[in-house]
2 protein chains.
Amino acid sequence: MVELTKRQAIEDVASELFREHGYAGTSIRDIARALSVQGPSLYAHVTSKEDVLWAIVDRAATRFEVAADAAEASADARRPRDPSEALAALVRAHVDVLTSDVDAAGVFVHEWRALDRDHRAQILARRDAYEARFRRRLEDGIAVGVFAMTDSAVATSTLLSAVNGVAGWYDPDGRLPATRIADHLAELSLRMVSNA
Amino acid sequence: MVELTKRQAIEDVASELFREHGYAGTSIRDIARALSVQGPSLYAHVTSKEDVLWAIVDRAATRFEVAADAAEASADARRPRDPSEALAALVRAHVDVLTSDVDAAGVFVHEWRALDRDHRAQILARRDAYEARFRRRLEDGIAVGVFAMTDSAVATSTLLSAVNGVAGWYDPDGRLPATRIADHLAELSLRMVSNA
DNA sequence: TGCGTAGCCTAACGATCGTTAGTTAGGTGG
DNA sequence: CCACCTAACTAACGATCGTTAGGCTACGCA
(Lines give C-alpha, C1' and ligand atoms only; values in the text may rest on other atoms or scores of the structure.)
Protein backbone atom coordinates (compact mmCIF):
# COMPACT_ATOMS: atom_id res chain seq x y z
CA MET A 1 0.00 0.00 0.00
CA VAL A 2 1.56 3.27 -1.10
CA GLU A 3 -0.94 5.57 0.62
CA LEU A 4 0.07 7.64 3.60
CA THR A 5 -3.18 7.43 5.49
CA LYS A 6 -5.90 4.82 5.65
CA ARG A 7 -8.42 7.48 4.73
CA GLN A 8 -6.55 8.12 1.50
CA ALA A 9 -6.44 4.41 0.74
CA ILE A 10 -10.21 4.23 1.19
CA GLU A 11 -10.79 7.13 -1.19
CA ASP A 12 -8.46 5.65 -3.78
CA VAL A 13 -10.08 2.26 -3.85
CA ALA A 14 -13.52 3.85 -3.66
CA SER A 15 -12.68 5.99 -6.70
CA GLU A 16 -11.82 2.86 -8.63
CA LEU A 17 -14.98 1.02 -7.62
CA PHE A 18 -17.29 4.02 -8.02
CA ARG A 19 -15.89 4.58 -11.49
CA GLU A 20 -16.34 0.95 -12.51
CA HIS A 21 -19.71 0.13 -10.94
CA GLY A 22 -21.09 3.53 -10.02
CA TYR A 23 -21.81 4.89 -6.55
CA ALA A 24 -25.10 3.06 -6.10
CA GLY A 25 -23.58 -0.12 -7.52
CA THR A 26 -20.77 -0.15 -4.96
CA SER A 27 -21.37 -1.11 -1.33
CA ILE A 28 -19.38 -0.14 1.71
CA ARG A 29 -18.53 -3.81 2.05
CA ASP A 30 -17.19 -3.86 -1.52
CA ILE A 31 -14.79 -1.06 -0.64
CA ALA A 32 -13.79 -2.80 2.58
CA ARG A 33 -13.19 -6.11 0.78
CA ALA A 34 -10.78 -4.41 -1.62
CA LEU A 35 -8.85 -3.28 1.46
CA SER A 36 -8.98 -6.73 3.10
CA VAL A 37 -11.06 -5.41 5.95
CA GLN A 38 -14.60 -5.92 7.25
CA GLY A 39 -17.28 -3.45 6.18
CA PRO A 40 -18.04 -1.74 9.47
CA SER A 41 -14.32 -1.16 10.09
CA LEU A 42 -14.38 1.66 7.56
CA TYR A 43 -16.54 3.77 9.87
CA ALA A 44 -13.51 4.41 12.03
CA HIS A 45 -12.15 6.56 9.17
CA VAL A 46 -15.29 7.73 7.44
CA THR A 47 -18.60 9.17 8.62
CA SER A 48 -20.77 7.92 5.78
CA LYS A 49 -20.69 6.51 2.27
CA GLU A 50 -21.74 9.84 0.81
CA ASP A 51 -18.91 11.47 2.72
CA VAL A 52 -16.46 9.35 0.72
CA LEU A 53 -18.09 10.31 -2.58
CA TRP A 54 -18.07 13.96 -1.64
CA ALA A 55 -14.40 13.86 -0.65
CA ILE A 56 -13.50 12.34 -4.02
CA VAL A 57 -15.63 14.74 -6.04
CA ASP A 58 -14.61 17.81 -4.08
CA ARG A 59 -10.95 17.00 -4.40
CA ALA A 60 -11.19 16.32 -8.10
CA ALA A 61 -13.09 19.57 -8.66
CA THR A 62 -10.45 21.50 -6.80
CA ARG A 63 -7.69 19.93 -8.84
CA PHE A 64 -9.43 20.97 -12.07
CA GLU A 65 -9.90 24.51 -10.75
CA VAL A 66 -6.33 24.91 -9.57
CA ALA A 67 -4.92 23.56 -12.83
CA ALA A 68 -7.13 25.93 -14.83
CA ASP A 69 -5.98 28.86 -12.70
CA ALA A 70 -2.35 28.05 -13.42
CA ALA A 71 -2.98 27.41 -17.09
CA GLU A 72 -4.79 30.68 -17.66
CA ALA A 73 -2.28 32.70 -15.69
CA SER A 74 0.62 31.20 -17.57
CA ALA A 75 -1.04 31.55 -20.97
CA ASP A 76 -1.95 35.16 -20.31
CA ALA A 77 1.59 35.91 -19.16
CA ARG A 78 3.17 34.23 -22.14
CA ARG A 79 0.86 35.58 -24.84
CA PRO A 80 -1.68 38.09 -23.57
CA ARG A 81 -4.97 38.34 -25.44
CA ASP A 82 -4.36 35.21 -27.47
CA PRO A 83 -7.53 33.10 -27.19
CA SER A 84 -5.98 30.16 -29.02
CA GLU A 85 -3.11 29.97 -26.58
CA ALA A 86 -5.45 30.32 -23.61
CA LEU A 87 -7.89 27.69 -24.84
CA ALA A 88 -5.10 25.24 -25.65
CA ALA A 89 -3.66 25.76 -22.17
CA LEU A 90 -7.05 25.13 -20.56
CA VAL A 91 -7.56 21.94 -22.54
CA ARG A 92 -4.09 20.63 -21.79
CA ALA A 93 -4.51 21.37 -18.10
CA HIS A 94 -7.87 19.63 -18.07
CA VAL A 95 -6.50 16.51 -19.74
CA ASP A 96 -3.49 16.53 -17.42
CA VAL A 97 -5.69 16.45 -14.34
CA LEU A 98 -7.87 13.82 -15.92
CA THR A 99 -5.06 11.47 -16.84
CA SER A 100 -3.20 11.93 -13.55
CA ASP A 101 -6.13 10.30 -11.73
CA VAL A 102 -8.61 8.76 -14.16
CA ASP A 103 -10.64 7.11 -11.44
CA ALA A 104 -11.29 10.23 -9.39
CA ALA A 105 -11.85 12.30 -12.52
CA GLY A 106 -14.27 9.74 -13.89
CA VAL A 107 -16.23 9.80 -10.65
CA PHE A 108 -16.28 13.60 -10.75
CA VAL A 109 -17.62 13.57 -14.30
CA HIS A 110 -20.27 10.85 -13.92
CA GLU A 111 -21.25 10.35 -10.28
CA TRP A 112 -22.06 13.86 -9.06
CA ARG A 113 -25.77 12.98 -9.44
CA ALA A 114 -25.46 10.65 -6.46
CA LEU A 115 -24.44 13.48 -4.14
CA ASP A 116 -27.03 14.77 -1.69
CA ARG A 117 -28.88 18.00 -2.46
CA ASP A 118 -26.46 20.48 -0.93
CA HIS A 119 -23.32 18.90 -2.31
CA ARG A 120 -24.90 18.46 -5.72
CA ALA A 121 -25.91 22.11 -5.89
CA GLN A 122 -22.43 23.11 -4.78
CA ILE A 123 -20.71 21.01 -7.41
CA LEU A 124 -23.07 22.13 -10.18
CA ALA A 125 -22.29 25.76 -9.41
CA ARG A 126 -18.57 25.07 -9.57
CA ARG A 127 -18.98 23.12 -12.78
CA ASP A 128 -20.87 26.03 -14.30
CA ALA A 129 -18.13 28.43 -13.29
CA TYR A 130 -15.53 26.08 -14.75
CA GLU A 131 -17.40 25.80 -18.04
CA ALA A 132 -17.72 29.57 -18.14
CA ARG A 133 -13.93 29.85 -18.32
CA PHE A 134 -13.90 27.87 -21.52
CA ARG A 135 -16.85 29.77 -22.97
CA ARG A 136 -15.23 33.10 -22.16
CA ARG A 137 -12.14 32.13 -24.11
CA LEU A 138 -14.27 31.00 -27.02
CA GLU A 139 -16.10 34.32 -27.06
CA ASP A 140 -12.84 36.24 -26.78
CA GLY A 141 -11.72 34.37 -29.87
CA ILE A 142 -14.91 35.16 -31.73
CA ALA A 143 -14.53 38.84 -30.87
CA VAL A 144 -10.98 38.85 -32.24
CA GLY A 145 -11.97 36.80 -35.26
CA VAL A 146 -9.80 33.73 -34.70
CA PHE A 147 -12.75 31.55 -33.61
CA ALA A 148 -16.10 31.04 -35.28
CA MET A 149 -19.07 28.87 -34.36
CA THR A 150 -22.85 28.94 -34.55
CA ASP A 151 -23.48 28.88 -30.80
CA SER A 152 -20.84 29.35 -28.15
CA ALA A 153 -22.89 27.57 -25.46
CA VAL A 154 -23.27 24.44 -27.60
CA ALA A 155 -19.62 24.60 -28.60
CA THR A 156 -18.52 24.88 -24.97
CA SER A 157 -20.55 21.88 -23.87
CA THR A 158 -19.38 19.89 -26.86
CA LEU A 159 -15.75 20.80 -26.28
CA LEU A 160 -15.91 19.71 -22.65
CA SER A 161 -17.70 16.49 -23.55
CA ALA A 162 -14.95 15.80 -26.05
CA VAL A 163 -12.14 16.25 -23.54
CA ASN A 164 -13.99 14.46 -20.74
CA GLY A 165 -14.34 11.52 -23.10
CA VAL A 166 -10.67 10.80 -22.44
CA ALA A 167 -11.72 9.46 -19.03
CA GLY A 168 -13.61 6.73 -20.88
CA TRP A 169 -10.66 5.19 -22.66
CA TYR A 170 -7.39 6.48 -21.21
CA ASP A 171 -5.08 3.72 -20.06
CA PRO A 172 -1.96 4.67 -18.05
CA ASP A 173 -0.20 1.63 -19.52
CA GLY A 174 -1.55 2.26 -22.99
CA ARG A 175 -0.02 3.13 -26.31
CA LEU A 176 -0.09 6.90 -25.83
CA PRO A 177 1.55 8.88 -23.00
CA ALA A 178 -0.64 11.42 -21.26
CA THR A 179 1.19 14.45 -22.61
CA ARG A 180 0.73 13.27 -26.19
CA ILE A 181 -2.99 12.84 -25.53
CA ALA A 182 -3.21 16.32 -24.04
CA ASP A 183 -1.50 17.79 -27.10
CA HIS A 184 -3.79 15.88 -29.37
CA LEU A 185 -6.92 17.00 -27.59
CA ALA A 186 -5.71 20.60 -27.66
CA GLU A 187 -5.19 20.30 -31.40
CA LEU A 188 -8.65 18.81 -32.01
CA SER A 189 -10.29 21.39 -29.73
CA LEU A 190 -8.62 24.33 -31.42
CA ARG A 191 -9.52 23.13 -34.88
CA MET A 192 -13.09 22.53 -33.79
CA VAL A 193 -13.71 26.19 -33.06
CA SER A 194 -11.18 27.94 -35.30
CA ASN A 195 -12.32 30.29 -38.02
CA ALA A 196 -11.81 28.66 -41.47
CA MET B 1 -51.15 6.69 -21.12
CA VAL B 2 -49.90 7.19 -24.66
CA GLU B 3 -48.10 3.86 -24.90
CA LEU B 4 -49.59 0.99 -26.82
CA THR B 5 -48.51 -1.76 -24.48
CA LYS B 6 -47.79 -1.86 -20.78
CA ARG B 7 -44.39 -3.30 -21.55
CA GLN B 8 -43.53 -0.20 -23.56
CA ALA B 9 -44.74 2.04 -20.75
CA ILE B 10 -42.45 0.20 -18.35
CA GLU B 11 -39.44 0.62 -20.63
CA ASP B 12 -40.18 4.30 -21.14
CA VAL B 13 -40.41 5.14 -17.48
CA ALA B 14 -37.45 2.89 -16.72
CA SER B 15 -35.37 4.75 -19.30
CA GLU B 16 -36.14 8.00 -17.56
CA LEU B 17 -35.29 6.67 -14.11
CA PHE B 18 -32.19 4.74 -15.20
CA ARG B 19 -30.93 7.87 -16.91
CA GLU B 20 -31.52 10.05 -13.90
CA HIS B 21 -30.43 7.75 -11.06
CA GLY B 22 -28.58 4.98 -12.85
CA TYR B 23 -29.55 1.30 -13.08
CA ALA B 24 -28.28 0.37 -9.62
CA GLY B 25 -29.83 3.50 -8.15
CA THR B 26 -33.29 2.63 -9.45
CA SER B 27 -35.41 -0.10 -7.87
CA ILE B 28 -38.18 -2.13 -9.43
CA ARG B 29 -40.49 -0.46 -6.93
CA ASP B 30 -39.36 2.98 -8.14
CA ILE B 31 -40.39 2.06 -11.67
CA ALA B 32 -43.69 0.66 -10.45
CA ARG B 33 -44.43 3.76 -8.38
CA ALA B 34 -44.02 5.96 -11.46
CA LEU B 35 -46.69 3.79 -13.11
CA SER B 36 -49.00 3.93 -10.05
CA VAL B 37 -48.66 0.20 -9.54
CA GLN B 38 -47.18 -2.09 -6.91
CA GLY B 39 -43.64 -3.39 -7.45
CA PRO B 40 -44.32 -7.07 -7.95
CA SER B 41 -47.03 -6.30 -10.51
CA LEU B 42 -44.34 -5.51 -13.05
CA TYR B 43 -43.31 -9.15 -13.18
CA ALA B 44 -46.43 -9.90 -15.19
CA HIS B 45 -44.80 -8.01 -18.07
CA VAL B 46 -41.11 -8.42 -17.39
CA THR B 47 -38.91 -11.36 -16.45
CA SER B 48 -36.22 -9.44 -14.53
CA LYS B 49 -34.82 -5.99 -13.91
CA GLU B 50 -31.85 -6.71 -16.14
CA ASP B 51 -34.25 -7.77 -18.86
CA VAL B 52 -35.68 -4.23 -18.86
CA LEU B 53 -32.22 -2.67 -19.09
CA TRP B 54 -31.26 -4.98 -21.91
CA ALA B 55 -34.44 -4.20 -23.85
CA ILE B 56 -33.74 -0.48 -23.57
CA VAL B 57 -30.07 -0.78 -24.51
CA ASP B 58 -30.64 -3.27 -27.32
CA ARG B 59 -33.35 -1.14 -28.84
CA ALA B 60 -31.30 2.03 -28.63
CA ALA B 61 -28.30 0.29 -30.19
CA THR B 62 -30.45 -0.94 -33.05
CA ARG B 63 -31.82 2.52 -33.68
CA PHE B 64 -28.30 3.94 -33.90
CA GLU B 65 -27.26 1.17 -36.29
CA VAL B 66 -30.30 1.52 -38.54
CA ALA B 67 -29.94 5.29 -38.68
CA ALA B 68 -26.26 4.97 -39.56
CA ASP B 69 -27.08 2.46 -42.31
CA ALA B 70 -29.54 4.89 -43.87
CA ALA B 71 -27.22 7.86 -43.46
CA GLU B 72 -24.26 6.16 -45.10
CA ALA B 73 -26.35 4.74 -47.94
CA SER B 74 -27.90 8.09 -48.66
CA ALA B 75 -24.62 9.98 -48.41
CA ASP B 76 -22.86 7.51 -50.69
CA ALA B 77 -25.69 7.75 -53.20
CA ARG B 78 -25.76 11.52 -53.18
CA ARG B 79 -21.99 12.14 -53.28
CA PRO B 80 -19.92 8.99 -53.63
CA ARG B 81 -16.44 9.02 -52.16
CA ASP B 82 -16.99 12.26 -50.27
CA PRO B 83 -15.80 11.63 -46.69
CA SER B 84 -17.04 15.00 -45.47
CA GLU B 85 -20.55 14.31 -46.67
CA ALA B 86 -20.50 10.81 -45.21
CA LEU B 87 -19.17 11.93 -41.83
CA ALA B 88 -21.66 14.78 -41.59
CA ALA B 89 -24.48 12.38 -42.41
CA LEU B 90 -23.29 9.95 -39.72
CA VAL B 91 -23.10 12.69 -37.11
CA ARG B 92 -26.50 14.09 -37.99
CA ALA B 93 -28.06 10.63 -37.87
CA HIS B 94 -26.45 9.97 -34.50
CA VAL B 95 -27.72 13.23 -33.03
CA ASP B 96 -31.17 12.60 -34.50
CA VAL B 97 -31.46 9.25 -32.74
CA LEU B 98 -30.10 10.75 -29.57
CA THR B 99 -32.52 13.65 -29.43
CA SER B 100 -35.53 11.59 -30.47
CA ASP B 101 -35.23 9.63 -27.22
CA VAL B 102 -32.72 11.21 -24.86
CA ASP B 103 -33.57 8.90 -22.01
CA ALA B 104 -33.00 5.64 -23.86
CA ALA B 105 -29.93 7.04 -25.60
CA GLY B 106 -28.50 8.23 -22.30
CA VAL B 107 -29.01 4.79 -20.80
CA PHE B 108 -27.34 3.22 -23.82
CA VAL B 109 -24.34 5.52 -23.47
CA HIS B 110 -23.83 5.29 -19.71
CA GLU B 111 -25.49 2.19 -18.27
CA TRP B 112 -24.18 -0.64 -20.44
CA ARG B 113 -21.73 -1.49 -17.61
CA ALA B 114 -24.66 -2.75 -15.55
CA LEU B 115 -25.55 -5.41 -18.13
CA ASP B 116 -24.63 -8.99 -17.32
CA ARG B 117 -21.57 -10.55 -18.94
CA ASP B 118 -23.12 -11.84 -22.13
CA HIS B 119 -25.15 -8.76 -22.88
CA ARG B 120 -22.24 -6.49 -22.04
CA ALA B 121 -19.93 -8.34 -24.41
CA GLN B 122 -22.58 -8.22 -27.09
CA ILE B 123 -23.12 -4.48 -26.74
CA LEU B 124 -19.40 -3.74 -26.64
CA ALA B 125 -18.89 -5.60 -29.90
CA ARG B 126 -21.67 -3.63 -31.54
CA ARG B 127 -20.32 -0.37 -30.15
CA ASP B 128 -16.90 -1.19 -31.58
CA ALA B 129 -18.42 -1.90 -34.97
CA TYR B 130 -20.35 1.35 -34.78
CA GLU B 131 -17.25 3.34 -33.89
CA ALA B 132 -15.41 1.67 -36.74
CA ARG B 133 -17.83 3.26 -39.20
CA PHE B 134 -16.80 6.70 -38.05
CA ARG B 135 -13.13 5.83 -38.04
CA ARG B 136 -13.35 4.41 -41.56
CA ARG B 137 -14.78 7.67 -42.82
CA LEU B 138 -12.06 9.60 -41.07
CA GLU B 139 -9.38 7.45 -42.66
CA ASP B 140 -11.03 7.76 -46.07
CA GLY B 141 -10.79 11.49 -45.62
CA ILE B 142 -7.15 11.33 -44.64
CA ALA B 143 -6.38 9.22 -47.71
CA VAL B 144 -8.07 11.77 -49.95
CA GLY B 145 -6.47 14.67 -48.12
CA VAL B 146 -9.59 16.43 -46.84
CA PHE B 147 -9.06 15.29 -43.25
CA ALA B 148 -5.95 15.47 -41.10
CA MET B 149 -5.29 14.42 -37.52
CA THR B 150 -2.51 12.99 -35.39
CA ASP B 151 -4.28 9.76 -34.48
CA SER B 152 -7.49 8.50 -36.05
CA ALA B 153 -8.36 6.28 -33.08
CA VAL B 154 -8.14 9.17 -30.63
CA ALA B 155 -10.04 11.42 -33.02
CA THR B 156 -12.82 8.84 -33.41
CA SER B 157 -13.28 8.42 -29.67
CA THR B 158 -13.17 12.16 -29.14
CA LEU B 159 -15.67 12.80 -31.90
CA LEU B 160 -18.12 10.29 -30.47
CA SER B 161 -17.67 11.66 -26.97
CA ALA B 162 -18.44 15.10 -28.34
CA VAL B 163 -21.69 14.06 -30.02
CA ASN B 164 -22.76 11.81 -27.13
CA GLY B 165 -22.36 14.82 -24.88
CA VAL B 166 -25.61 16.10 -26.35
CA ALA B 167 -27.41 13.52 -24.23
CA GLY B 168 -26.15 15.40 -21.18
CA TRP B 169 -27.82 18.74 -21.89
CA TYR B 170 -30.40 18.35 -24.65
CA ASP B 171 -33.85 19.57 -23.62
CA PRO B 172 -36.80 18.83 -25.94
CA ASP B 173 -38.43 22.04 -24.72
CA GLY B 174 -35.21 24.02 -24.87
CA ARG B 175 -33.96 26.92 -26.91
CA LEU B 176 -32.64 24.89 -29.84
CA PRO B 177 -34.61 22.45 -32.01
CA ALA B 178 -33.05 19.05 -32.55
CA THR B 179 -32.27 19.59 -36.23
CA ARG B 180 -30.36 22.77 -35.46
CA ILE B 181 -28.32 20.90 -32.87
CA ALA B 182 -27.60 18.11 -35.34
CA ASP B 183 -26.40 20.64 -37.91
CA HIS B 184 -24.26 22.34 -35.33
CA LEU B 185 -22.65 19.13 -34.19
CA ALA B 186 -21.98 18.14 -37.79
CA GLU B 187 -20.28 21.50 -38.33
CA LEU B 188 -18.13 21.19 -35.21
CA SER B 189 -17.24 17.58 -36.03
CA LEU B 190 -16.20 18.35 -39.57
CA ARG B 191 -14.06 21.27 -38.53
CA MET B 192 -12.44 19.18 -35.83
CA VAL B 193 -10.93 16.76 -38.32
CA SER B 194 -10.67 18.84 -41.50
CA ASN B 195 -7.32 19.56 -43.06
CA ALA B 196 -6.43 23.24 -42.46
C1' DT C 1 -75.05 -17.40 -16.81
C1' DG C 2 -70.77 -19.39 -16.53
C1' DC C 3 -65.71 -19.52 -17.66
C1' DG C 4 -61.38 -18.17 -18.76
C1' DT C 5 -57.94 -14.91 -18.43
C1' DA C 6 -55.47 -10.60 -17.95
C1' DG C 7 -53.83 -7.57 -14.61
C1' DC C 8 -53.47 -6.18 -10.48
C1' DC C 9 -53.10 -7.08 -5.41
C1' DT C 10 -50.81 -8.59 -0.66
C1' DA C 11 -47.61 -11.46 1.80
C1' DA C 12 -43.46 -13.08 2.14
C1' DC C 13 -38.71 -15.18 0.87
C1' DG C 14 -33.69 -14.63 1.57
C1' DA C 15 -30.10 -11.44 0.54
C1' DT C 16 -27.94 -7.28 1.08
C1' DC C 17 -27.91 -2.43 2.20
C1' DG C 18 -25.80 1.56 5.38
C1' DT C 19 -24.90 2.03 9.91
C1' DT C 20 -24.41 1.51 15.28
C1' DA C 21 -22.76 -0.76 19.38
C1' DG C 22 -19.81 -3.16 21.97
C1' DT C 23 -15.59 -6.00 22.12
C1' DT C 24 -10.97 -7.69 21.37
C1' DA C 25 -6.12 -7.91 19.90
C1' DG C 26 -1.64 -5.63 19.43
C1' DG C 27 1.55 -2.17 20.05
C1' DT C 28 3.39 2.09 22.76
C1' DG C 29 4.85 4.92 26.64
C1' DG C 30 5.09 5.43 31.80
C1' DC D 1 4.12 -4.63 34.15
C1' DC D 2 0.35 -1.99 33.39
C1' DA D 3 -2.51 1.57 31.32
C1' DC D 4 -3.81 3.23 27.09
C1' DC D 5 -4.99 3.80 22.41
C1' DT D 6 -5.55 2.43 17.75
C1' DA D 7 -7.74 -0.30 14.54
C1' DA D 8 -9.63 -3.95 13.68
C1' DC D 9 -13.43 -7.38 14.84
C1' DT D 10 -18.46 -9.63 15.43
C1' DA D 11 -23.28 -9.05 16.10
C1' DA D 12 -27.09 -6.93 15.03
C1' DC D 13 -30.52 -3.01 13.76
C1' DG D 14 -34.21 -1.71 10.48
C1' DA D 15 -34.73 -0.81 5.71
C1' DT D 16 -34.84 -2.11 1.18
C1' DC D 17 -33.48 -5.08 -2.58
C1' DG D 18 -35.14 -8.50 -6.59
C1' DT D 19 -38.23 -11.94 -6.91
C1' DT D 20 -41.92 -15.78 -6.13
C1' DA D 21 -46.45 -17.42 -4.78
C1' DG D 22 -51.08 -17.22 -4.53
C1' DG D 23 -55.41 -14.83 -4.53
C1' DC D 24 -58.98 -11.32 -5.98
C1' DT D 25 -61.50 -8.61 -9.50
C1' DA D 26 -63.35 -7.25 -13.76
C1' DC D 27 -64.00 -7.94 -18.43
C1' DG D 28 -64.70 -10.90 -23.20
C1' DC D 29 -67.03 -14.56 -25.04
C1' DA D 30 -69.69 -19.00 -25.14
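A, B, ... follow the sequence lines: proteins, then strands. Residue 1 opens every chain.
- Going from atom NZ of A:Lys49 over to atom P of C:dT16 covers 15 Å, rounded to whole Å.
- Checked by atom type, the side-chain pair B:Tyr130/B:His94 shows a donor-acceptor distance below 3.5 Å.
- Between A:Tyr43 atom OH and D:dC9 atom P there is a gap of 15 Å when expressed in whole angstrom units.
- For B:Ile28 and D:dA15, the CD1 to P distance is 22 Å, given to the nearest whole Å.
- Per the geometry, CZ belonging to A:Arg29 stands 11 Å off C1' belonging to D:dC13, to the nearest Å.
- In this structure, B:Pro40 and A:Gly39 both approach DNA chain D, and ranking their closest nucleotides by distance from the 5' end singles out A:Gly39.
- When the P atom of C:dG18 is taken as reference, atom CG of A:Asp51 falls 14 Å away, rounded to whole Å.
- With no hydrogens or angles considered, a side-chain donor-acceptor pair links A:Ser74 and A:Arg78 at under 3.5 Å.
- Side chain of A:Asp30 to backbone of A:Ser27: a donor-acceptor contact under 3.5 angstrom is found.
- Across the protein-nucleic acid pair, A:Arg33 atom CZ and D:dC9 atom P stand 13 Å apart, rounded to whole Å.
- For the pair A:Leu42 CG and C:dA21 P, the interatomic distance rounds to 17 Å; values are reported in whole Å.
- Rounded to an integer number of Å, the gap from B:Asp116 CG to D:dG18 P is 15 Å.
- Residue B:Ser27 has a polar side-chain atom (N or O) positioned under 4.0 Å from OP1 or OP2 of D:dC17.
- At the heavy-atom level, A:Thr26 lies under 4.0 Å from the strands shown only through sugar-phosphate atoms.
- Annotation: cation-pi pair B:Arg127/B:Trp112 present, NZ/CZ under 6.0 Å from the ring centroid and within 45° of its normal.
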Using a cutoff of under 3.5 Å, can you pull out all pairs of nitrogen or oxygen atoms linking the protein to nucleotides 4-8 of chain C, with atom names and distances?
residue: C:dC8; atom: OP1; partner: B:Lys6; partner atom: NZ; Å: 3.4
residue: C:dC8; atom: OP2; partner: B:His45; partner atom: NE2; Å: 3.3

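- Defined by atom type and a distance below 3.5 Å, a donor-acceptor pair is present between the side-chain atoms of A:Thr62 and A:Arg126.
- By the neighbour-count criterion of 12 heavy atoms within 6.0 Å, atom CZ of B:Arg59 is sparsely surrounded, having that number or fewer from other residues, nucleotides or ligands.
- Pairs of residues two or more places apart, or lying in two chains, that qualify as ring-ring contact (aromatic ring centres under 6.0 Å, His included) and include a residue from residues 29-59 of chain B are B:Trp54-B:His119.
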